[in-house]
Visitor: 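The structure under discussion is supplied below as structure tokens; questions concerning it will follow.
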Number of protein chains: 2
Amino acid sequence: MAEIERLPTIADVARACGVSMRTVSRVINGARNVKPATRVKIEQEIERLKFRPNPQARGLAASRSYLLGLVYDMPNALYLDTIQRGITGTCRSSGYELVIHPCESTGSDTVIADTLSFVRRSNIDGLIVLPPVSEMAALPPALDEAGVDYVLLASVDLVDPVHLVRSAERLACEDMTRHLIELGHRDIAFISGPSDYRSTRERLEGFRDAFRAAGLALNEELILKGDYGYHSGYSAGNALFSRRQKPTAIFASNDEMAFGVFNAAAEAGMSVPNDVSVCGFDDVVFAERTLPSLTTIRRPSLAMASLATEKLIALIEGRDDVANRMQAVVPLELILRNSTAARR
Amino acid sequence: MAEIERLPTIADVARACGVSMRTVSRVINGARNVKPATRVKIEQEIERLKFRPNPQARGLAASRSYLLGLVYDMPNALYLDTIQRGITGTCRSSGYELVIHPCESTGSDTVIADTLSFVRRSNIDGLIVLPPVSEMAALPPALDEAGVDYVLLASVDLVDPVHLVRSAERLACEDMTRHLIELGHRDIAFISGPSDYRSTRERLEGFRDAFRAAGLALNEELILKGDYGYHSGYSAGNALFSRRQKPTAIFASNDEMAFGVFNAAAEAGMSVPNDVSVCGFDDVVFAERTLPSLTTIRRPSLAMASLATEKLIALIEGRDDVANRMQAVVPLELILRNSTAARR
DNA sequence: ACAAGAGATGCCAGCGCTGGCATATTTCCA
DNA sequence: TGGAAATATGCCAGCGCTGGCATCTCTTGT
């Protein structure tokens, strides 16, 4: 019997079940109005034939691609894998695949144009955008106009909350600062991120909140500008350690910069945490492997990515989902390790 | 004028140029037999209309998806971003997109089944596989049978070289070991990776090669088993530092484990590199930020990924490309930093 | 028992493009 | 300069699926 080497199609399933293709299609797409008996029979046949709907054909007929896009642009994407697993994990149970688009950061205009071109080229159904791209104010309008569904992981709120998943950075920074204050520190330095990132402001505000709440005065001279890069943390550390009155604690607003401070401290002969407490933000893998291990703040990346994906799929499929109703602000976790200690 | 809100199709281009759709299709697909004048005219019209071929329709008609898949499964994918950029960079100039598939490592069978299911579900045209998945012996046959094109980034040679891109790990490890020998070290320890990885053997063989080439005897007791994880490096370090005769140099076969050794050394009161030289393999970002910075081996991930992508696309498009002719073994680079020094 | 409505199913066109082949046009050599 | 070969172009079916609507089959209430 010359069996034709060809994957089964919806027609094969329909024929075998004695129903029309349309009914099989309904089962595949989870339409409600199919008699349970029919549905079961079709599902069994699908299983038996190992039938898988052809995404190209589905896409062409329904003007959908069943593809989600991930746009990112971070030089040191240490949590990229976690984010990707969060997304693909949720994709898998809903029949979507993830197409990635790392963009070369060369100014807001270019990045947006690049993103739009990606969307059109690939016909993706929806987009998940990571910071810092997600924090560009011009992006949401451009995406709206292009008619793509999207969810941003960002610390912005200029956008309809259905499009947003963010973590409570400000609150976490306030908590961390309170922790330092409770350890007896008063001269606490803060190394901020690049001024054009929203998170920079959020984190700094959290820092201020803690002082405000404790009724303590804040020395503005101890707030230094960094850029989330290792070297900027190192320079800031050097600057702080060469002051006549050195801070007793330094809150670097990300781990990279905290490591820079570590090395500046070592070179200045300052011991962490005996002479100075240091903490960061991100909880990168290496944070627990340094000597001393780094007190930092952990963002639940996997959970955020899953949540974003759920929201996006709900958006695409036009469902008014719980995922889109709830406040998508996920809490962060303080990870207390050995780089912070009571003031001597 | 009620302009219909609809993206231009190949028919619009054809009409505007007074040619048939088939001819436009030829131009899009770079067929050779189109009169230059016609081609130019069509290209201009495509540009003017901002026409982009619909990938679903193309895919359906030509049974292709213009999608490449990336299968990986590494807990600490520090170079993932680099790999992804290498692939997407090359994809972009050839009209492909990249779909990622991180798999949950739960045994070779599961991973292979998972990969095959991914291939069928997503209809990707070709696959790029990263180690350790790429080193599973059962994978290539399964992929061959499934009729997918694929390229492996792996240290294996059980497979037709058209499917392979690898780096000269053994040679690099020999070079690194020679470097240690030239620094006067003789009691050199080696911390290997998990025994089921091919790279583990390659790296260890390189280590042996250097001793052999130098006519030196190798103390087998100084070869310890690790698993590429931080903790295994730490334990191995502890074991080595508690020996009566301590090694004067330790070659950890990846950076993670080298960092483990760093911390074990610190706790044992050994100074790196004064009391003991330490080197690693991978050149992760943090390698230059530790104190001391880590001497290590850099794999040209971006170049390897680009090369793999070129090979894969040549394979898919049936071209007998240069990329598939050349030996796809890329050299590694020794990065000499401060964790290695002459024996005291 | 029957109409009205709700639920289940079927029919067919067409999504946008390319493959295979037929046809038209140009090129080139005897 | 004729005609064969080479090159360029066109025609049409059909890839596998879903949308819209028509049709058929069950409920349910009176």
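Chain letters run A, B, ... following the sequence lines, proteins first and then strands; every chain starts at 1.
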Visitor: For Tyr72(A) and Gln84(B): C-alpha separation, side-chain torsions, deciding distance, then whether side-chain hydrogen bond (donor to acceptor under 3.5 Å, both in side chains) applies.
Guide: CA-CA 11 Å; Tyr72(A) 74 91; Gln84(B) 291 185 166; 3.0 Å; yes
Visitor: side-chain hydrogen bond (donor to acceptor under 3.5 Å, both in side chains) for His163(B) and Asp149(B)? Distances and angles first, verdict last.
Guide: CA-CA 8 Å; His163(B) 295 301; Asp149(B) 286 310; over 6 Å; no
Visitor: Show the distances under 3.5 angstrom between N or O atoms of the protein and N or O atoms of nucleotides 14-16 of chain D.
Guide:
residue	atom	partner	partner atom	Å
dC15(D)	O2	Ala61(B)	N	3.3
dG16(D)	N2	Ala57(A)	O	3.4

Visitor: Given atom CZ of Arg15(B) and atom P of dC11(D), what is their separation to the nearest angstrom?
Guide: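 Rounded to whole Å, this separation is 13 Å.
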Visitor: Return the value, rounded to whole Å, for the distance between atom CZ of Arg32(B) and atom P of dT7(D).
Guide: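 Going from Arg32(B) (CZ) to dT7(D) (P), I get 10 Å.
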Visitor: In terms of relative ring orientation, are Tyr96(B) and Tyr66(B) parallel, tilted or perpendicular, with 30° and 60° separating the classes?
Guide: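 It falls in the tilted class, 30° to 60°.
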Visitor: For Asn33(A) and dC26(D), give me the distance from atom CG to atom P, rounded to whole Å.
Guide: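 Rounded to whole Å, this separation is 16 Å.
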Visitor: So among Val71(A), Ile83(A), Asp73(A), which one has a side-chain contact (heavy atoms from CB on, under 4.5 Å) with Leu130(A)?
Guide: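 When side-chain contact (heavy atoms from CB on, under 4.5 Å) is applied between Leu130(A) and each of Val71(A), Ile83(A), Asp73(A), only Ile83(A) qualifies.
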Visitor: Closest approach of Thr90(A) and Ser93(A), non-hydrogen atoms and distance?
Guide: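 Where Thr90(A) meets Ser93(A) most closely, the heavy atoms are O-OG, 3.0 Å.
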Visitor: Which of these passes side-chain hydrogen bond (donor to acceptor under 3.5 Å, both in side chains) with Asn123(B): Arg52(A), Gln56(A), Glu97(A)?
Guide: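 So the option named by the test is Gln56(A).
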Visitor: Indicate yes or no: does Lys50(B) engage Glu45(B) in a salt bridge with an N to O separation below 4.0 Å.
Guide: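 A salt bridge is absent here (no side-chain N lies under 4.0 Å from a carboxylate O).
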Visitor: Show the nearest heavy-atom pair for residues Ile28(B) and Pro53(B), with the distance to one decimal.
Guide: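 Where Ile28(B) meets Pro53(B) most closely, the heavy atoms are CG2-CG, 4.0 Å.
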Visitor: How far apart are the closest heavy atoms of Ala328(A) and Leu307(A), and which atoms are they?
Guide: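 Shortest heavy-atom separation between Ala328(A) and Leu307(A) comes out as CB-CD2, 4.0 Å.
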Visitor: Quick check on contacts: within residues 36-45 of chain B, what sits under 4.0 Å from DNA chain D by heavy-atom distance?
Guide: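 The stretch gives Thr38(B) as the residues lying under 4.0 Å from the strand, ordered by number.
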Visitor: Which residues in residues 18-26 of chain A have at least one heavy atom lying under 4.0 Å from any atom of DNA chain C?
Guide: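 Going residue by residue through residues 18-26 of chain A, the ones with a heavy atom under 4.0 Å of DNA chain C turn out to be Gly18(A), Val19(A), Ser20(A), Arg22(A), Thr23(A), Arg26(A).
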Visitor: Determine whether Arg64(A) and Ile316(A) satisfy the following criterion, side-chain contact (heavy atoms from CB on, under 4.5 Å), listing intermediate values before the conclusion.
Guide: CA-CA 10 Å; Arg64(A) 314 237 283 95; Ile316(A) 292 171; 3.7 Å; yes
